[in-house]
Amino acid sequence: MRRFYAPQENFTERSVELDAEQTPHLRDVLRLKIGDEVNVFDGMGREYACKIRSIEKKRSILSILSEITPAAPESKLILNLAAAVTKGEKFDIVVQKAVELGASSLQPLYTQRCEVKPSGSDRRLVRWRKIALEAAKQCGRAKLMTVSEPIDFDKFARSVSGNVIMFSERDGESFSKIKPAGELTAMVGPAGGWDDNELKTARERGFHITTLGGRILRAETAAIAFLAILQNRFGDIN
(Lines give C-alpha, C1' and ligand atoms only; values in the text may rest on other atoms or scores of the structure.)
Protein backbone atom coordinates (compact mmCIF):
# COMPACT_ATOMS: atom_id res chain seq x y z
CA MET A 1 0.00 0.00 0.00
CA ARG A 2 1.30 3.47 -0.91
CA ARG A 3 1.95 5.58 2.19
CA PHE A 4 1.92 9.34 2.67
CA TYR A 5 2.56 11.68 5.57
CA ALA A 6 0.44 14.56 6.84
CA PRO A 7 0.91 16.42 10.15
CA GLN A 8 -1.88 16.20 12.70
CA GLU A 9 -3.16 19.70 11.92
CA ASN A 10 -3.98 18.54 8.36
CA PHE A 11 -6.49 16.00 9.66
CA THR A 12 -10.19 16.56 10.31
CA GLU A 13 -12.64 13.97 11.55
CA ARG A 14 -13.39 12.71 8.03
CA SER A 15 -10.60 13.95 5.75
CA VAL A 16 -6.92 14.75 5.47
CA GLU A 17 -5.00 17.19 3.26
CA LEU A 18 -1.69 16.32 1.62
CA ASP A 19 0.53 19.35 1.12
CA ALA A 20 2.62 20.70 -1.75
CA GLU A 21 5.45 18.24 -1.00
CA GLN A 22 3.35 15.08 -0.87
CA THR A 23 0.93 15.92 -3.71
CA PRO A 24 3.46 15.89 -6.61
CA HIS A 25 4.60 12.41 -5.53
CA LEU A 26 1.01 11.22 -5.47
CA ARG A 27 0.08 12.83 -8.80
CA ASP A 28 3.23 12.88 -10.94
CA VAL A 29 5.38 10.01 -9.65
CA LEU A 30 2.83 7.39 -8.64
CA ARG A 31 0.17 8.72 -11.06
CA LEU A 32 -2.64 8.03 -8.64
CA LYS A 33 -6.16 9.16 -9.46
CA ILE A 34 -9.36 10.15 -7.69
CA GLY A 35 -10.85 7.08 -6.07
CA ASP A 36 -7.54 5.32 -5.47
CA GLU A 37 -6.88 4.16 -1.91
CA VAL A 38 -3.70 4.98 0.05
CA ASN A 39 -2.50 5.04 3.66
CA VAL A 40 -1.67 8.28 5.49
CA PHE A 41 0.18 8.52 8.83
CA ASP A 42 0.38 11.52 11.13
CA GLY A 43 3.96 11.19 12.41
CA MET A 44 2.69 10.68 15.97
CA GLY A 45 1.93 6.97 15.67
CA ARG A 46 -1.49 6.83 13.99
CA GLU A 47 -2.26 5.70 10.45
CA TYR A 48 -5.40 5.73 8.31
CA ALA A 49 -6.75 4.07 5.20
CA CYS A 50 -7.91 6.83 2.86
CA LYS A 51 -9.47 7.39 -0.57
CA ILE A 52 -8.37 10.21 -2.87
CA ARG A 53 -11.18 12.77 -3.23
CA SER A 54 -9.49 15.59 -5.14
CA ILE A 55 -6.06 16.35 -6.60
CA GLU A 56 -4.97 19.95 -7.14
CA LYS A 57 -1.68 21.61 -8.04
CA LYS A 58 -0.41 22.07 -4.48
CA ARG A 59 -2.69 19.91 -2.37
CA SER A 60 -4.80 16.78 -2.34
CA ILE A 61 -7.86 16.01 -0.24
CA LEU A 62 -8.46 12.43 0.91
CA SER A 63 -11.45 10.92 2.67
CA ILE A 64 -10.61 8.89 5.79
CA LEU A 65 -12.04 5.38 5.57
CA SER A 66 -10.75 3.93 8.85
CA GLU A 67 -7.85 3.96 11.29
CA ILE A 68 -5.46 1.06 10.76
CA THR A 69 -2.53 -0.52 12.59
CA PRO A 70 0.86 0.65 11.25
CA ALA A 71 2.91 -2.09 9.57
CA ALA A 72 5.88 -1.47 11.90
CA PRO A 73 5.02 -1.26 15.62
CA GLU A 74 6.86 1.13 17.92
CA SER A 75 9.38 -0.40 20.31
CA LYS A 76 8.60 -0.47 24.02
CA LEU A 77 12.08 1.02 24.45
CA ILE A 78 12.45 4.77 23.95
CA LEU A 79 15.84 4.77 22.25
CA ASN A 80 17.58 8.06 21.58
CA LEU A 81 20.71 8.26 19.43
CA ALA A 82 23.37 10.94 19.80
CA ALA A 83 25.91 10.53 17.00
CA ALA A 84 28.90 12.52 15.81
CA VAL A 85 28.29 14.06 12.39
CA THR A 86 30.19 12.29 9.62
CA LYS A 87 30.73 13.27 6.01
CA GLY A 88 27.98 13.26 3.39
CA GLU A 89 26.22 10.01 2.73
CA LYS A 90 27.77 8.32 5.76
CA PHE A 91 25.56 10.28 8.14
CA ASP A 92 22.61 10.00 5.76
CA ILE A 93 22.89 6.22 6.26
CA VAL A 94 22.90 6.66 10.04
CA VAL A 95 19.69 8.72 9.84
CA GLN A 96 17.96 6.17 7.61
CA LYS A 97 18.97 3.10 9.61
CA ALA A 98 18.16 4.74 12.94
CA VAL A 99 14.58 5.12 11.73
CA GLU A 100 14.47 1.49 10.57
CA LEU A 101 15.82 0.31 13.94
CA GLY A 102 13.14 2.15 15.87
CA ALA A 103 15.07 5.12 17.29
CA SER A 104 12.81 7.77 18.80
CA SER A 105 15.18 10.69 18.27
CA LEU A 106 18.53 11.61 16.77
CA GLN A 107 20.84 14.27 18.14
CA PRO A 108 23.73 15.07 15.75
CA LEU A 109 26.91 16.02 17.61
CA TYR A 110 29.99 18.08 16.82
CA THR A 111 32.91 16.52 18.67
CA GLN A 112 36.63 17.28 19.02
CA ARG A 113 37.56 14.84 16.23
CA CYS A 114 34.48 15.43 14.11
CA GLU A 115 35.03 15.27 10.34
CA VAL A 116 32.45 17.96 9.62
CA LYS A 117 32.46 21.66 10.57
CA PRO A 118 29.36 23.40 11.97
CA SER A 119 28.96 25.66 8.92
CA GLY A 120 26.10 24.46 6.73
CA SER A 121 24.18 22.84 9.59
CA ASP A 122 20.82 24.29 8.51
CA ARG A 123 21.07 22.76 5.05
CA ARG A 124 22.13 19.39 6.44
CA LEU A 125 19.32 19.40 8.99
CA VAL A 126 16.70 19.87 6.27
CA ARG A 127 18.17 16.91 4.35
CA TRP A 128 18.34 14.66 7.42
CA ARG A 129 14.71 15.36 8.32
CA LYS A 130 13.64 14.57 4.78
CA ILE A 131 15.60 11.30 4.89
CA ALA A 132 13.95 10.42 8.22
CA LEU A 133 10.50 11.04 6.74
CA GLU A 134 11.17 8.94 3.64
CA ALA A 135 12.62 6.13 5.78
CA ALA A 136 9.48 6.12 7.96
CA LYS A 137 7.29 5.90 4.86
CA GLN A 138 9.30 2.98 3.49
CA CYS A 139 9.71 0.95 6.68
CA GLY A 140 6.11 1.21 7.86
CA ARG A 141 6.55 3.37 10.98
CA ALA A 142 3.78 5.85 11.72
CA LYS A 143 5.83 7.84 14.21
CA LEU A 144 8.51 10.18 12.93
CA MET A 145 11.97 10.08 14.47
CA THR A 146 12.85 13.53 15.76
CA VAL A 147 16.07 14.98 14.27
CA SER A 148 17.39 17.90 16.34
CA GLU A 149 19.73 20.69 15.37
CA PRO A 150 23.40 19.66 15.73
CA ILE A 151 25.10 20.77 18.95
CA ASP A 152 28.60 20.40 20.36
CA PHE A 153 29.52 17.57 22.69
CA ASP A 154 29.97 19.69 25.81
CA LYS A 155 26.53 21.28 25.49
CA PHE A 156 24.92 17.89 24.99
CA ALA A 157 26.79 16.35 27.94
CA ARG A 158 25.54 19.13 30.23
CA SER A 159 21.93 18.86 29.10
CA VAL A 160 21.28 15.12 28.71
CA SER A 161 19.85 13.13 31.60
CA GLY A 162 18.78 9.57 32.35
CA ASN A 163 20.54 6.40 31.19
CA VAL A 164 23.30 7.36 28.76
CA ILE A 165 25.41 4.64 27.13
CA MET A 166 28.53 5.79 25.28
CA PHE A 167 30.16 3.47 22.77
CA SER A 168 33.95 3.69 22.78
CA GLU A 169 36.60 1.50 21.22
CA ARG A 170 38.73 1.97 24.35
CA ASP A 171 38.37 2.35 28.10
CA GLY A 172 34.89 0.86 28.18
CA GLU A 173 33.14 -1.95 30.04
CA SER A 174 30.98 -4.87 28.95
CA PHE A 175 27.36 -4.62 27.86
CA SER A 176 26.50 -6.87 30.80
CA LYS A 177 26.89 -3.83 33.07
CA ILE A 178 23.94 -2.09 31.42
CA LYS A 179 20.72 -2.34 33.40
CA PRO A 180 17.29 -2.56 31.71
CA ALA A 181 15.47 0.74 31.37
CA GLY A 182 12.43 2.12 29.56
CA GLU A 183 14.50 4.86 27.94
CA LEU A 184 18.14 4.91 26.86
CA THR A 185 20.40 7.36 25.10
CA ALA A 186 23.10 5.79 22.91
CA MET A 187 26.16 7.88 22.04
CA VAL A 188 28.47 7.13 19.11
CA GLY A 189 31.60 9.12 18.29
CA PRO A 190 33.36 10.16 15.06
CA ALA A 191 35.73 8.17 12.87
CA GLY A 192 38.68 9.28 15.00
CA GLY A 193 37.05 8.20 18.23
CA TRP A 194 36.37 10.20 21.38
CA ASP A 195 38.89 12.72 22.67
CA ASP A 196 40.38 12.05 26.13
CA ASN A 197 38.62 15.10 27.56
CA GLU A 198 35.28 13.88 26.18
CA LEU A 199 35.75 10.51 27.87
CA LYS A 200 36.63 12.32 31.09
CA THR A 201 33.50 14.45 30.86
CA ALA A 202 31.40 11.34 30.19
CA ARG A 203 32.69 9.66 33.35
CA GLU A 204 32.09 12.79 35.41
CA ARG A 205 28.52 12.93 34.11
CA GLY A 206 27.93 9.26 34.98
CA PHE A 207 27.62 7.95 31.42
CA HIS A 208 28.13 4.20 31.00
CA ILE A 209 31.09 3.75 28.64
CA THR A 210 31.00 0.42 26.83
CA THR A 211 32.83 -1.44 24.06
CA LEU A 212 31.96 -4.19 21.60
CA GLY A 213 34.65 -6.64 22.60
CA GLY A 214 37.46 -4.55 21.19
CA ARG A 215 36.13 -4.54 17.61
CA ILE A 216 37.12 -1.57 15.44
CA LEU A 217 34.09 -0.26 13.55
CA ARG A 218 33.46 2.60 11.16
CA ALA A 219 31.42 5.36 12.81
CA GLU A 220 28.28 4.65 10.78
CA THR A 221 28.62 0.88 11.37
CA ALA A 222 29.01 1.45 15.11
CA ALA A 223 25.80 3.51 15.25
CA ILE A 224 23.80 0.83 13.44
CA ALA A 225 25.28 -2.05 15.44
CA PHE A 226 24.83 -0.22 18.75
CA LEU A 227 21.14 0.49 18.09
CA ALA A 228 20.48 -3.09 16.97
CA ILE A 229 22.12 -4.55 20.08
CA LEU A 230 20.19 -2.25 22.42
CA GLN A 231 16.88 -3.06 20.71
CA ASN A 232 17.72 -6.76 21.00
CA ARG A 233 18.56 -6.55 24.70
CA PHE A 234 15.92 -4.10 25.86
CA GLY A 235 13.54 -3.44 22.98
CA ASP A 236 11.55 -5.37 20.37
CA ILE A 237 14.23 -7.00 18.18
CA ASN A 238 14.53 -10.58 19.39
Side-chain angles (χ1 to χ4, degrees), residues 5 21 25 43 79-139 141 143-160 164-172 175 184-202 205 207-231 237:
Y5 162 72
E21 291 189 5
H25 186 67
L79 183 54
N80 307 302
L81 174 63
V85 179
T86 49
K87 292 181 179 178
E89 294 183 359
K90 294 179 181 179
F91 202 77
D92 293 351
I93 292 172
V94 171
V95 176
Q96 182 187 68
K97 301 310 176 186
V99 173
E100 294 177 12
L101 288 166
S104 299
S105 69
L106 170 61
Q107 175 61 71
L109 297 177
Y110 291 123
T111 65
Q112 289 294 322
R113 299 176 182 175
C114 193
E115 298 177 303
V116 181
K117 302 300 181 184
S119 59
S121 290
D122 291 344
R123 184 182 70 257
R124 287 192 288 265
L125 181 60
V126 170
R127 184 174 78 247
W128 295 333
R129 287 176 173 170
K130 184 175 181 179
I131 291 170
L133 171 58
E134 291 303 315
K137 289 169 65 175
Q138 292 173 7
C139 76
R141 289 184 68 182
K143 188 172 184 178
L144 289 178
M145 180 184 73
T146 302
V147 183
S148 301
E149 294 183 13
I151 59 175
D152 63 66
F153 173 89
D154 289 335
K155 183 176 181 180
F156 175 77
R158 290 193 303 269
S159 63
V160 69
V164 183
I165 306 169
M166 184 179 190
F167 170 71
S168 177
E169 294 172 344
R170 60 190 174 94
D171 300 335
F175 261 98
L184 296 172
T185 297
M187 293 183 66
V188 180
W194 299 107
D195 180 79
D196 288 343
N197 287 330
E198 291 169 339
L199 289 172
K200 179 182 177 182
T201 298
R205 292 286 298 165
F207 300 169
H208 179 82
I209 303 174
T210 189
T211 67
L212 295 177
R215 291 190 179 275
I216 307 299
L217 304 176
R218 295 174 66 96
E220 62 273 21
T221 305
I224 295 168
F226 206 23
L227 290 178
I229 292 170
L230 291 173
Q231 285 286 27
I237 297 179

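Note that this is a predicted model, so its numbers are computed, not measured. Numbers here are sequence positions counted from 1.
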**Q.** Pairs touching residues 98-118 that satisfy ring pair (Phe, Tyr, Trp, His ring centres under 6.0 Å), sequence neighbours left out
**A.**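 Counting only pairs at least two positions apart or across chains, no ring pair (Phe, Tyr, Trp, His ring centres under 6.0 Å) contact touches residues 98-118.
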Q: Take Q231 and L79, measure what side chain to side chain contact (heavy atoms under 4.5 Å, CB included) needs, and give me the verdict at the end.
A: CA-CA 8 Å; Q231 285 286 27; L79 183 54; 3.8 Å; yes
Less than 4.5 Å apart, any side-chain heavy atom of [X] and any of [Y]?
X	Y	result
I151	L109	yes
F91	R124	no
L144	Y5	yes
I237	L101	yes

Interatomic distance, [X] atom [atom1] to [Y] atom [atom2] [nearest 0.5 angstrom]:
X	Y	atom1	atom2	value
N197	T111	CG	OG1	12.5 Å
M145	S105	CE	OG	8.0 Å
W194	R113	CH2	CZ	11.0 Å
M187	S168	CE	OG	10.5 Å
L227	L184	CG	CG	10.5 Å

Q.
Under the rule for side-chain hydrogen bond (donor to acceptor under 3.5 Å, both in side chains), what residues qualify as partners of T201, not counting sequence neighbours?
A.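 Checked T201 against side-chain hydrogen bond (donor to acceptor under 3.5 Å, both in side chains); zero matches.
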Q) Step by step, would you call Q138 with V99 a side chain to side chain contact (heavy atoms under 4.5 Å, CB included)? A) CA-CA 10 Å; Q138 292 173 7; V99 173; over 6 Å; no
List, one per line, each side-chain donor-acceptor pair under 3.5 Å for residues 125-132, sequence neighbours excluded.
unit_1	atom_1	unit_2	atom_2	d
R127	NE	D92	OD1	3.2
R127	NE	D92	OD2	3.4
R127	NH2	D92	OD1	3.4
R129	NE	V147	O	2.9
R129	NH2	V147	O	3.0

I'd like to check the salt bridge (charged side-chain N to carboxylate O under 4.0 Å, His left out) partners of [X]; sequence neighbours left out, ordered by chain and number.
X	result
K97	E100
E115	none
R218	E220
K137	E134

**Q.** Residues forming a ring pair (Phe, Tyr, Trp, His ring centres under 6.0 Å) with F156, sequence neighbours excluded
**A.**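 Partners of F156 under the ring pair (Phe, Tyr, Trp, His ring centres under 6.0 Å) test: none.
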Q: Quick one: list whatever passes side chain to side chain contact (heavy atoms under 4.5 Å, CB included) with I229, sequence neighbours left out.
A: F175, L212, R233
Q. Quick one: side chain to side chain contact (heavy atoms under 4.5 Å, CB included) partners of A219, sequence neighbours excluded?
A.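 Residues passing side chain to side chain contact (heavy atoms under 4.5 Å, CB included) with A219: T86.
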Q) Could you go step by step and tell me if T210 and F226 meet the side chain to side chain contact (heavy atoms under 4.5 Å, CB included) rule? A) CA-CA 10 Å; T210 189; F226 206 23; 3.9 Å; yes
Shortest non-hydrogen contact from [X] toward [Y]:
X	Y	answer
A223	V188	CA-CG2, 3.8 Å
S148	P108	O-CD, 3.2 Å
P190	C114	CB-CA, 4.1 Å
P150	Q107	CA-NE2, 3.9 Å

Q.
Quick one: does any side-chain atom of E198 pair with a main-chain N or O of F153 as donor and acceptor, under 3.5 Å?
A. no
Q: Go through the steps for L106 and T146 under the test side chain to side chain contact (heavy atoms under 4.5 Å, CB included), then give the verdict.
A: CA-CA 6 Å; L106 170 61; T146 302; over 6 Å; no
Q | Pairwise salt bridge (charged side-chain N to carboxylate O under 4.0 Å, His left out) hits with a residue in residues 184-197, at least two apart | A |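 Of all non-adjacent pairs touching residues 184-197, those that pass salt bridge (charged side-chain N to carboxylate O under 4.0 Å, His left out) are R170-D196.
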Q: Write out all pairs satisfying salt bridge (charged side-chain N to carboxylate O under 4.0 Å, His left out) with one or both partners inside residues 144-160, taking only residues at least two apart or from two chains.
A: none
